[in-house]
Amino acid sequence: MVEPVAADRSADGPPPEGWFAAPVDTFARPLYATLDDRIPELTRLGADERSVLREATREALSRTLQLRLNRVLLLELRAAGLAGELPGADSAARWDAFLRRASAPAFAETLDRRYPALRERAFACGRLLIEGALELGTRLAADREAIAVLLGDDPGPLRALELARGDTHHGGRAVARILFETGSVMYKPRPVEVDAALRSFVAAVPGAEDLGVPKAVVRDGYGWAEHLGHRYCRDEAELARFYRALGGWLAVMRLLGGTDLHAENLVAHGPVAAVVDAEALFTPDVEVPPSGRGDAVDQAARTIRNTVLRTGILPLRTDGYALAGVDLSAAGGLPGQQPQIRVPVIADGGLDTARMEVGVVDLPPAGNHPSPEPVLIRHWGQVLTGFDGVTEALAKLDTDGELSTLVGMFDGCQVRRIRRPTQTYTDIGRMLWHPASLHDPDAALERARDILHRNALAAPGAPREPAVIDGEIADLLVGDVPVFGERVDKQRSAAFLAGWRQADLARERDTIRSALVGAYLNERQLPDRVRTPALSPSADDLDRRRRTLAAAAVETIRAAAVRGTDATATWISPVLTDYGWAVRPLGADLYTGQGGVALALAEYLREQRAGRADPVAGVESLLAGTLEVLAATEDTTPTRQLGGFTGLASQVWTWASLHRLLGTPGLLDRARARAALLTPELIAEDRALDVLGGVAGVVVPLLDLAELTGQEQWLDVAAGAGRRLERTAVVDARGARWSTVMFPEGIGGFAHGTTGVGWALTRLALSPAGSTADRRRWHELGSLAHDFEESLYSPRERAWADARVGGDIDHPTAWCHGSTGIGLAAVDLHERTGDPRHLDTALRAGPAGLREGFGWSHTLCHGDLGLWEILHRLRGLKGYEGPSAMEADAELLTGIEQRGPVGGLAKEAFAPGLLPGLSGVVHQLLRMHPDARLSSPLLLALPPAAGPDPDPDLGPGRSSV
């Protein structure tokens with residue numbers, strides 16, 4: 001099946017009826033004749049109404065068959081052009097000649113000969129669509145009185161139908177919108193008892209008034225439902241009600257095992273959050289084979305599968321080819337976050353060069369948002385309030401003995417089990433309708449069986465029985481998406497009620513926070529920064545307070561760990577994935593993953609042994625379990641990114657750092673093994689380019705590995721990364737910048753932008769890597785990158801502008817985007833080169849960071865810990881005029897004591913990661929001790945080797961703790 005012309009290149013765009021309407025209408029004449037013969041059978045419909053049904057069905061037939069035949073007709077167009085069989089003076093004329101040729105009766109014989117499966121399959125699809133439309137007409141005529149009840153008035157005559165706009169099931173049947181003179185209703189050609197039961201259920205729950213469910217009329221095997229159209233909220237009060245209702249739905253669906261509540265199944269009807277399709281209730285967990293990453297990861301994954309995250313309401317990124325990174329959730333899919341999706345499109349429609357291409361198009365808007373520009377961050381407190389309120393109401397009903405009766409209303413209802421993703425069926429359906437498959441259908445069927453079988457091996461819960469797979473293929477051959485249904489019985493509803501009673505509500509609330517945080521961490525621009533400085537910062541007893549806070553942070557990390565029966569350890573948190581932020585067990589990276597937590601635990605263990613940190617029971621075994629999961633995750637889960645914080649190079653750096661911290665045999669071997677995966681092919685294909693996830697982040701970890709091992713091969717890898725950066729640089733009058741996948745405009749800053757790339761190139765130029773000519777070029781390109789960053793500096797603001805497209809001009813102070821990262825890179829390069837230009841940049845970075853000062857969050861990436869680090873590094877430079885070490889330490893420690901460690905956007909959500917979370921707090925509190933033998937991961941600086949501590953020497957820039 002092929003999408004219609006979403007990306008043609010003709011001047012006027014596709015005609016509304018579709019490029020191939022004429023030949024397809026000729027092909028479908030027997031179907032149109034059947035329709036014309038059958039429509040008069042609907043004697044209970046008026047003549048005008050039969051005409052409406054006929055035209056709507058004919059339009060649906062033409063549209064549907066074009067989707068099936070587009071690719072065949074494009075192939076025939078190409079073949080006729082190559083054979084010189086299309087007369088015409090230009091490309092458009094030859095196109096018209098092909099349409100005439102394809103609309104002639106003889107062309108059908110050509111199709112039958114070349115594609116023996118085409119006619120039978122297309123006509124079967126068309127006949128089912130006709131039967132479904134006639135069935136709808138019959139039911140409509142019989143149920144007018146019931147429809148009048150839904151509308152509150154006589155519906156009047158039928159005026160229009162919207163047919164076959166969504167997926168078809170059960171023999172060409174699909175939800176349809178029926179428009180009468182006085183209103184519209186939805187036709188659902190499936191059992192709707194579950195819809196009626198859900199409406200009755202929420203009506204009985206106090207505080208659930210804004211949880212909308214359309215009124216439904218139940219008939220045998222089908223039903224009619226109220227049409228609740230999308231409309232925006234009028235004001236802030238209505239917005240608050242809507243988001244509380246979202247939280248209420250989370251509470252209800254946590255009890256009822258609801259899933260698949262994505263953006264198209266929940267409509268914002270003003271302040272009412274209306275669930276318009278509630279088929280997938282009482283969905284059991286599926287048996288998932290061991291991941292190979294350790295029992296802790298399997299337990300964590302099982303926990304996540306059974307939280308409110310499974311509902312589909314909370315923001316969640318998909319993976320896979322077609323929908324990679326798309327958020328289909330009811331609460332998510334926020335403006336500016338959705339990537340374009342890949343779909344087949346007709347290019348050069350209207351010309352004889354027309355062909356099928358995979359194009360990228362915007363995801364069609366859904367009706368799930370309550371405002372044109374929803375600001376979820378302002379309302380996530382309302383989501384939690386709604387969840388808590390409805391959960392409390394359900395608990396009260398349970399205490400009063402009423403809840404089991406309410407849940408029992410679903411006994412006997414037909415519910416849907418989604419055993420494979422719809423996208424899987426879409427992809428296989430397209431394959432089955434490919435010209436090659438229509439030419440050799442037997443081979444195509446075998447291929448479809450093999451794909452579905454292999455999918456079942458990889459997708460827990462997917463059917464693998466040959467008979468079931470054959471049934472799925474039979475559905476796909478006529479254009480249906482297979483559906484699996486079950487009836488709820490007393491045993492199942494009682495089991496879900498029992499499971500709800502045992503739910504960990506603290507975990508559920510943290511999952512909600514984390515998922516909502518993930519939605520905004522995917523934004524290209526951070527929300528307003530609200531500063532909450534410490535009240536009366538105290539410099540008294542700094543070291544005791546530092547030790548107490550560090551021990552408390554480690555204890556929090558220890559208590560939150562998911563521990564396996566095999567002693568493995570991991571955590572559940574918002575993590576940075578290839579497709580954005582999502583709530584998962586930790587990955588293998590340094591930024592949010594196991595690597596960063598392992599580093600902090602190893603640092604704490606080393607400082608504890610040195611007497612600079614208070615004892616915390618279990619740190620050693622927790623570190624061992626963390627490292628086991630880290631290694632297993634690396635071994636079993638491919639790492640797609642390359643960079644120094646989220647990619648393969650981050651793993652190289654982590655193991656090298658652990659080697660320095662612990663001195664345990666095998667750690668350096670592990671670093672070498674991860675570095676060996678950084679092949680020239682991967683480096684040449686990288687499009688991320690930046691320090692965080694791209695080739696710029698490869699440079700420093702590989703230079704350090706070469707120094708640690710004495711192996712020059714790692715210098716060659718670093719040089720390859722430098723050459724990739726040379727090839728991709730955009731150089732103009734402003735300097736050099738890099739157009740990346742995430743930021744095509746080319747931006748400044750350390751993690752994602754020019755500062756980090758320029759820093760990496762300059763570090764490469766200072767190394768033994770490459771030739772003298774290479775190093776000269778790298779140094780020059782690094783200097784041009786500094787030129788671009790300098791072009792973003794505003795003397796009036798005394799800070800660097802954020803060059804990301806969208807939103808107001810901002811001058812952030814973070815490490816990832818802003819003055820902290822810019823300053824740290826400059827300090828590092830000044831110390832290595834003595835270049836006064838870097839000194840000047842560094843000295844301006846301190847005041848830029850102090851413009852906002854302490855009090856936003858306690859993170860290395862975008863908070864007080866990063867500011868502390870830049871001030872710490874600047875303090876030894878001539879010209880520094882910022883706070884003393886004691887003042888900075890007092891501000892930081894008092895702020896953590898008064899507010900607790902605040903993880904930036906994560907706020908109350910637990911985030912154990914190094915750069916955006918609690919492990920970074922542990923690291924920096926340890927680093928504050930004057931004798932700590934630790935280095936900053938913000939510059940990928942390896943810690944000194946394990947060994948005797950040096951004599952205490954505060955020296956310039958050392959902390960006074």
Side-chain angles (χ1 to χ4, degrees), residues 146-147 149-152 166 175 177-178 183-219 222-231 233 238 241-283 308 311-313 329-331 366-370 383 386-387 389-391 393-394 397 402-403 405-416 488 493 496:
I147 292 170
V149 173
L150 286 181
L151 292 175
V175 173
R177 185 181 175 194
I178 319 296
S184 63
V185 298
M186 302 302 296
Y187 167 67
K188 296 190 175 185
R190 62 162 177 82
V192 298
E193 287 86 352
V194 67
D195 303 70
L198 182 61
R199 180 176 171 84
S200 298
F201 182 90
V202 298
V205 178
E209 294 80 9
D210 289 330
L211 276 64
V213 181
K215 292 181 288 186
V217 172
V218 177
R219 290 292 184 262
Y222 72 99
W224 307 92
E226 176 186 17
H227 176 246
L228 293 179
H230 175 255
R231 79 166 176 85
C233 292
E238 285 198 348
R241 286 172 56 192
F242 175 84
Y243 285 109
R244 283 196 296 273
L246 272 189
W249 273 123
L250 289 171
V252 167
M253 292 301 170
R254 175 62 182 86
L255 167 63
L256 301 180
T259 61
D260 200 40
L261 291 167
H262 51 71
E264 293 184 352
N265 287 343
L266 189 147
V267 171
H269 185 65
V272 174
V275 171
V276 297
D277 196 349
E279 289 185 272
L281 298 182
F282 299 96
T283 304
V308 289
T311 63
I313 294 174
S329 68
N368 60 310
H369 288 308
V383 176
F387 175 80
V390 173
T391 297
L394 293 171
L397 290 169
E402 300 176 29
L403 189 58
T405 301
L406 292 177
V407 174
M409 291 192 301
F410 293 93
D411 293 346
C413 289
Q414 180 89 2
V415 293
R416 181 180 177 185
V488 180
S493 59
F496 272 85

Donor-acceptor pair, [X] side chain versus [Y] backbone, under 3.5 Å?
X	Y	value
Trp249	Ala273	yes
Glu226	Lys215	yes
His230	Ala366	no

Notebook entry, point to check: Please, which pairs that meet salt bridge (charged side-chain N to carboxylate O under 4.0 Å, His left out) have at least one residue in residues 184-194, sequence neighbours excluded?
Noted result: Lys188-Asp195, Arg190-Asp195, Arg190-Asp277, Arg190-Glu279
Check: With sequence neighbours left out, which residue pairs that include part of residues 241-254 fulfil the salt bridge (charged side-chain N to carboxylate O under 4.0 Å, His left out) condition?
Finding: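 Every salt bridge (charged side-chain N to carboxylate O under 4.0 Å, His left out) pair that includes a residue of residues 241-254, provided the two are not neighbours, is Asp210-Arg241, Arg254-Glu508.
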Notebook entry, point to check: Is atom CD of Glu264 surrounded by more than 12 heavy atoms (other residues, nucleotides or ligands) closer than 6.0 Å?
Noted result: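 12 or below, so no.
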Notebook entry, point to check: Which is it for Leu256 and Phe282 under the side chain to side chain contact (heavy atoms under 4.5 Å, CB included) test, yes or no, and what are the steps along the way?
Noted result: CA-CA 5 Å; Leu256 301 180; Phe282 299 96; 3.9 Å; yes
Next item on the list: Could I get the full list of side chain to side chain donor-acceptor pair (under 3.5 Å) partners for His262, not counting sequence neighbours?
Entry: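 Testing His262 for side chain to side chain donor-acceptor pair (under 3.5 Å), a comparison that skips the adjacent residues, returns Asn265.
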Note, [X] side chain near [Y] side chain (heavy atom, < 4.5 Å):
X	Y	result
Val267	Leu228	no
Phe496	Val407	no
Ile313	Leu246	yes
Leu198	Met253	yes
Ser200	Val213	no
Cys233	Phe242	yes

Quick check: closest heavy atoms across [X] and [Y], and the distance to 0.1 Å?
X	Y	result
Ala251	Thr391	CB-OG1, 3.3 Å
Gly248	Val390	CA-CG2, 3.6 Å
Asp260	Ala280	CB-CB, 4.1 Å
Gly229	His269	O-ND1, 2.7 Å
Leu406	Ala204	CD2-CB, 3.7 Å
Ser329	Asn368	O-ND2, 3.5 Å

Checklist line | Residues Leu403, Leu255; criterion side chain to side chain contact (heavy atoms under 4.5 Å, CB included); working and verdict | finding: CA-CA 10 Å; Leu403 189 58; Leu255 167 63; 4.0 Å; yes
Checklist line | Verdict with supporting geometry, Val488 and Leu281, side chain to side chain contact (heavy atoms under 4.5 Å, CB included) | finding: CA-CA 9 Å; Val488 180; Leu281 298 182; over 6 Å; no
Item checked: Residues Ile147, Val217; criterion side chain to side chain contact (heavy atoms under 4.5 Å, CB included); working and verdict -> CA-CA 8 Å; Ile147 292 170; Val217 172; over 6 Å; no
Next item on the list: To the nearest 0.5 angstrom, please state how far the CG atom of Leu150 sits from the CD1 atom of Ile178.
Entry: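 Atom-to-atom, Leu150:CG and Ile178:CD1 are 12.0 Å apart.
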Next item on the list: Working to the nearest 0.5 Å, report the span between CZ of Phe201 and CG of Leu397.
Entry: 7.5 Å
